[in-house]
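Reviewing the structure listed below.
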Amino acid sequence: MIIQDWLAQVSTYAGSIDDLFALIGVLVGFWFIVSEGVFFWLLYRFRAKDGVKAEYITGEEKHQKRWVSWPHYLVLICDIFIIYGAVTVWYDIKQDLPSPDATIRVIGQQWAWSFVQPGADGELGTADDIATVDELYVESGKLYHYQLEARDVMHDFSVPVFRLKQDAIPGRVITGWFEPTTPGSYDIQCAEICGIGHGVMAGTVIVQTPEEHKAWMMANTPQVRDSISIAANTAR
Amino acid sequence: MALASSLGSSSVAADDNARGEQLYELCVQCHGENGEGDSMALAPAISGFGQWYIATQLRKFRDGGRGRHFDDIAGMRMRPMALSLRSEEDVDAVSAYAASLPDVLPEPTLEGGDPAKGQAGYAACSGCHGADGYGNEMVGAPSLHTSDWYFVKQMHNYKAGVRGTNPKDAVGAVMVGMATIVPNDQALMDLLAYLRTQQK
């Protein structure tokens, strides 16, 4: 579709969201064009003419009311398609949590994103957790649950290429999911006004191949990273 | 052009530093109009730091040497501010302006130190920060006469590895070792009490 020509789809559900946007865009766009066409046709058809006095119409006659009621019924039929599509997508993405391959923490604060992901043991809250700031490293083809938190005020974790946008609320831990599909570096942004630094509260999600991600995990597991750092300092 | 050339040097004259004053409008939100700081915003007093130190720290924040540790809450607030400075000239201009502000120390917020004990403990610091604690640019040691809560917080950060452990912060790495010499919070209060006796 047209949307992905402008913004890549990098999660398994990005296509569903784009399809919903396209459905809404096509239906609403169709009625917009039709109604504007009728509107301008009426303006032209009943334009001012010499010797013809303007007529006041109350709109109570049946043949007058159908100009409103028929489009109304047709739009309501379109609404059924939109509501069906929206509820289906909402359920699939927001309410039905598939089993995760890994769970990560995503923390928003003024004005940075930080992340915690489990180390080799696959468990959060243990000594080998890997904490990063500004950069989230994930593996393509792996399903992640995220636990979204806010340290101070409201933020919004937005990854446009994932079509992911979720408010972060102080005092709450909000769980959601995504499954990246294509390796690369993509933008993270805050989509909730959160103070003077909101506009520069950016981050990067780096989607890696399984091999790349394994190597990154190895290099960044705290114990390994510390030993590398000590060796580097010793060599100075 | 005249403005651009006037900002080309790191020693920007405060009198005609219109660009620095303009950029400082962003800093005012947390550091205050006179650089006096605001503990609620986790922003220390900066006017007494000196242009060289403010510029150095801005560049560290901008380049990722500070403000990228998971537990550095205040640093993460500061990093995007430094990233918003688009050129070296802007860093020099805003740091020159901040350093030109009246060097008014904020009221003490921490009490309970012993200046005599602090003086003994300060012997290890004086080599770099000077006998009076006003710092030494030659060794990259800043003035310690800033917000007292900030002084304590940074010492905690050094001890915990929150600051000074980034490979891009070589000078900070020196402080990581020095911070371990201070045994506890009481010793920090003693140091603060001694530093207060040295304020000009």
Side-chain angles (χ1 to χ4, degrees), chain A residues 104-119 124-125 127-137 149-153 155 168 170 187-190 193-204 219-223 225-236, chain B residues 23-33 38-43 58 60-86 90-91 94 157-158 160-178 180:
Chain A
I104 60 172
R105 288 174 64 203
V106 177
I107 302 119
Q109 74 142 79
Q110 291 175 321
W111 292 280
W113 292 105
S114 46
F115 310 93
V116 182
Q117 54 184 300
L124 275 176
D128 69 348
D129 285 357
I130 302 171
T132 55
V133 175
D134 292 345
E135 290 168 348
L136 170 62
Y137 290 82
E149 304 160 41
R151 273 174 163 159
D152 35 43
V153 298
H155 300 279
D187 291 339
I188 298 171
Q189 60 190 12
C190 180
I193 296 286
C194 60
I196 195 167
H198 165 71
V200 283
M201 185 175 163
T204 307
N220 286 277
T221 295
Q223 294 84 345
R225 188 187 57 215
D226 292 348
S227 65
I228 292 170
S229 177
I230 291 166
N233 287 336
T234 309
R236 273 182 198 166
Chain B
L23 290 166
Y24 191 77
E25 286 297 313
L26 181 64
C27 319
V28 165
Q29 311 296 327
C30 296
H31 290 284
E33 285 190 15
D38 178 359
S39 60
M40 293 295 287
L42 309 179
L58 281 172
K60 279 186 186 175
F61 279 116
R62 182 194 63 190
D63 299 338
R66 283 186 72 182
R68 292 201 71 192
H69 191 284
F70 183 77
D71 292 318
D72 189 4
I73 307 285
M76 282 193 272
R77 288 168 63 89
M78 186 58 211
R79 186 167 138 75
M81 301 299 119
L83 281 167
S84 72
L85 297 169
R86 308 307 296 174
D90 279 356
V91 173
V94 74
N157 281 350
Y158 281 123
V162 173
R163 184 174 174 187
T165 50
N166 189 300
K168 293 178 181 174
D169 186 10
V171 175
V174 176
M175 270 306 296
V176 173
M178 295 304 293
T180 59

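The chains referred to below are lettered A, B, ... by the order of the sequence lines, with proteins before strands, and numbering in each begins at 1. What's counted below: heavy atoms across the whole structure, side chains too, no hydrogens, waters or symmetry copies.
- Residue B:Q29 qualifies as enclosed at atom CD: its count of foreign heavy atoms under 6.0 Å is above 12.
- For the atom pair B:H69 NE2 and A:S114 OG, the distance stands at 11.0 Å (nearest 0.5 Å).
- Residue A:V200 comes nearest to B:P80 through the heavy atom pair CG2-CB, 3.4 Å, listed as atom of the first residue, atom of the second, then distance.
- Residue B:F70 comes nearest to A:T132 through the heavy atom pair CD1-O, 4.4 Å, listed as atom of the first residue, atom of the second, then distance.
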(request) Show your working on side chain to side chain contact (heavy atoms under 4.5 Å, CB included) between B:R77 and A:W111 and close with a plain yes or no. (result) CA-CA 5 Å; B:R77 288 168 63 89; A:W111 292 280; 3.8 Å; yes
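- Interatomic distance, A:D134 CG to B:L83 CG, rounded to the nearest 0.5 Å: 8.0 Å.
- Of the two parts of A:Q109, only the side chain, counted from C-beta on, holds a non-hydrogen atom closer than 4.5 Å to a non-hydrogen atom of chain B.
- Contact between B:M81 and A:G197 at its shortest, heavy atoms only, is CE-CA, 3.5 Å.
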